[in-house]
Protein chains: 2
Amino acid sequence: MATIIQVAELAGVSKATVSRVLSGSQLVAEETKLRVDHAIKQLGYRPNPAARALKSNRTNLIGVVIPTIESPFFGPFIGGVHAMLANTDFSLLFAGASVSPQSERRAVQSLIDRQCDGLILFLDFQVNPSELQDIDRYQDRMVMVGPNPSTFCNHQLSVDNLYGGYLAAKHLLQKGHRKIIFLSGEPHFDDARQRMQGCERALAEFGLSKKDIVIKFGPYSEEWGYEAGRDLLQKHKDCTAVLAGDDEIAAGVYTACRELGLQVGEDISVMGYDDMFFARHLYPSLTTIAQPMEEMGNQAASAIMDLIYQVDTIGRSTLLRPKLIERQSVKSLI
Amino acid sequence: MATIIQVAELAGVSKATVSRVLSGSQLVAEETKLRVDHAIKQLGYRPNPAARALKSNRTNLIGVVIPTIESPFFGPFIGGVHAMLANTDFSLLFAGASVSPQSERRAVQSLIDRQCDGLILFLDFQVNPSELQDIDRYQDRMVMVGPNPSTFCNHQLSVDNLYGGYLAAKHLLQKGHRKIIFLSGEPHFDDARQRMQGCERALAEFGLSKKDIVIKFGPYSEEWGYEAGRDLLQKHKDCTAVLAGDDEIAAGVYTACRELGLQVGEDISVMGYDDMFFARHLYPSLTTIAQPMEEMGNQAASAIMDLIYQVDTIGRSTLLRPKLIERQSVKSLI
DNA sequence: AAACTTCCTGTAACCGTTCACAAGGGTAAT
DNA sequence: ATTACCCTTGTGAACGGTTACAGGAAGTTT
């Protein structure tokens, strides 16, 4: 591996000059620059990132934590981050967590210890800053992604769950549905609560309230969707639509409907949430709300770069708008 | 940020001694070790990875390239790698590619430039080693994952596509199917070709050959699965089963079946390949072959660590066995 | 012609580790 | 007492860059 000294010798200059050429500083004569560039190419010289980092305190590393990489949910997010970083000289240091506060803490700590220049944290739990060594150095070089607002970070990025809930409910209402079953996620999750609020707002626009629909809370799981769906669809035969807290629940509802001899998109309308990978593969394909995960990744990455380059050090929190994906599981009653 | 010198001063020793304590070398008196440990804790000292890397030529970074992170396929793989690395002090440096030879080359190069200790390369294309600066230094510190064997790396990890093809075909044959439509991936892909071979072997076991089934080649896509499925199912009404090159194709076949009024799992059996995320969400849920992606990630990670620690420098290539996932899309004729 | 700029380049200190080597003190052997 | 050896610790030179500072060579001003 060629070093800067060998480049300097070959070009007949000092290593300082080579360094200046490398950093694109303009205080170097055109003719010299050419000679250095040529030497670099000839030797196939690549700067040693460790040496750089040591001296300059910049690693050009962006650390990313996500709750679980296994979930197909986060692929597009990472992809969005990665795409944004592609033409920069930042690299992506990845730390997954695995659904426990400790593992999230460890993941974050490992990135801090690596001296990343910036941190993108997509966390399921609240991390306690006092448990993290040297986290304070990152106050202005991190963005928190996800539904849980954090107090110790002033750069927040999340999807507007309220708006999403509103979109979902309004879509059903606009299609003429009035008797609706809402299978919501557990209300102690911020996102579930917000979707619920959005739903209420849509109801209000149509002169209705929470009391006019059937609501049940449960985990984001297919099993629960199946059980709750079967149960409530039997009890409330007049209902024409199910608003599911997420696509997993919706998938469970599909199964329940098949069991009850109800044809989705015909006898009963189903609305999902999240546009998970399988949503378009269900039959009939599921109308749902898409979270702009890739867009979020983009935004997170560009925000972090702004922060690193200090383009803009004012704290801000960005809300991204989810989108209605209309497929075939919702029938128009009008 | 505390440095080793401050730790040394606080403990009343030299930095060399601190370094020795850190590296767990035994040439340090118990009493001294205690004092140093205490100082480390008190200062919250974290070794500077850049300085370490500079001096020791070890970054403790494992670089991973995958074709696309967006695909849900690779989440479990990365997860497997990550899980294996979790209790070591290696970190995972991630570089995605985006379905082009150039972007794969760039991704690999960026990891080399970062001086990773080891490389895990999951590539779609053949990279030409001569196009990669300093790749030769990685000859014995990389593992190639995926169907395409490479000549310049002697540590290969892939799934046994031949066995998978065999498994899939045998399953249909065992269930009594004889008139089969095989919607294979393009034969210029190694994996498609191998699956085909496995299929032939299964046919042979039942006294049949390629000529006894209907074969068509096409891209791994739902669209093609739909078109080819509709076309061939109409032409060959006596066929009882479709063997799809992958789950996407199978999903397309489902659509074709619905259009033709054929009930999957009843009138026609469908076998997938890959156990993609949506496979269990199709209706009826798809019987398919699961690639052990997470297991592959595990193996890749532990192989790379063996290589780094030189546990075993003999080139080897490992074949992992895919698994049959029996669901409801294949009917037994016997 | 001296003094002052401007432009370019070199010198050398420094970043925080690791590690080869030297050295000190203690114990055992001669 | 001298020598030899072990155990533990310290000294100082790397590693490969960056950058403040100094300095030399032109060109410009007085």
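Chain identifiers are assigned alphabetically (A, B, ...) following the order of the sequence lines, protein sequences preceding nucleic acid strands; residue numbering begins at 1 within each chain. Computed from heavy atoms alone, side chains included, the values below leave out hydrogens, waters and symmetry copies.
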Quiz item: Within this structure, what is the NZ-to-P distance between A:Lys33 and C:dC8, rounded to whole angstrom?
Solution: 13 Å
Quiz item: Where is the tightest heavy-atom contact between B:Met142 and B:Gln139, given as atom of each residue plus distance?
Solution: CG-O, 4.1 Å
Quiz item: Once you round it to whole Å, what is the distance between P of D:dG16 and CG of B:Asn48?
Solution: 16 Å
Quiz prompt | Contact summary for A:Phe125 and A:Ser100, nearest pair of heavy atoms | solution = CE1-N, 3.6 Å
Exercise. Provide, to the nearest angstrom, the distance between the CD atom belonging to A:Gln6 and the P atom belonging to D:dC15.
Key: 11 Å
Quiz item: Quick one: is C:dG10 close enough that its OP1 or OP2 comes under 4.0 Å of any side-chain N or O from A:Ser14?
Solution: yes
Pairwise N/O distances under 3.5 Å, protein to nucleotides 22-27 of chain C:
none

Kindly give the atom pairs (protein nitrogen or oxygen, nucleotide nitrogen or oxygen) under 3.5 Å for nucleotides 18-21 of chain D.
| unit_1 | atom_1 | unit_2 | atom_2 | d |
| --- | --- | --- | --- | --- |
| D:dT18 | OP1 | A:Arg52 | NE | 2.9 |
| D:dT18 | OP2 | A:Ser19 | OG | 2.6 |

Practice problem: Could you tell me whether the side chain of B:Thr17 and the main chain of B:Val13 form a donor-acceptor pair under 3.5 Å? | Solution: no
Practice problem: Look at the side chain of B:Leu54 and decide which nucleotide, out of C:dT9, D:dC15, D:dT9, has an atom nearest to it. | Solution: D:dC15
Quiz item: Given atom CG of B:Leu34 and atom C1' of D:dT8, what is their separation to the nearest angstrom?
Solution: 16 Å
Practice problem: Could you tell me which non-hydrogen atom of A:Ile112 sits nearest to which non-hydrogen atom of A:Gln133, and how far apart they are? | Solution: CG2-O, 3.6 Å
Quiz item: Nearest-Å distance, CD1 (A:Ile40) to P (D:dG16)?
Solution: 16 Å
Quiz item: Which residue, A:Ala2 or B:Gly12, contacts DNA chain D at a nucleotide closer to its 5' end, judged by nearest heavy atom?
Solution: B:Gly12
Practice problem: For the residue pair B:His82 and A:Phe94, categorise the inter-ring angle as parallel (less than 30°), tilted (30 to 60°) or perpendicular (more than 60°). | Solution: perpendicular
Quiz item: What is the nucleic acid contact for B:Arg46, judged by heavy atoms within less than 4.0 Å: base, sugar-phosphate only, or nothing?
Solution: sugar-phosphate
Quiz item: Should A:Lys41 and A:Asp37 count as an ion pair when the cut-off is N to O under 4.0 Å?
Solution: no
Exercise. Would you mind reading off the distance between B:Ile5 atom CD1 and D:dG10 atom C1', rounded to a whole angstrom?
Key: 13 Å
Quiz item: Looking only at side chains, do A:Gln109 and A:Asp113 share a donor and an acceptor under 3.5 Å apart?
Solution: yes
Self-check item: Closest approach of B:Leu54 to A:Ala50 (non-hydrogen atoms, all atoms of both residues)
Solution: N-CB, 3.7 Å
Quiz prompt | Euclidean distance, atom CG of residue B:Asn57 to atom P of C:dC19 [Å, nearest integer] | solution = 10 Å
Quiz prompt | Which atom of B:Gly146 lies closest to which atom of B:Ser158, heavy atoms considered | solution = O-CB, 3.2 Å
Quiz prompt | Value in whole Å for how far the C1' atom of C:dT9 lies from CD of A:Glu30 | solution = 16 Å
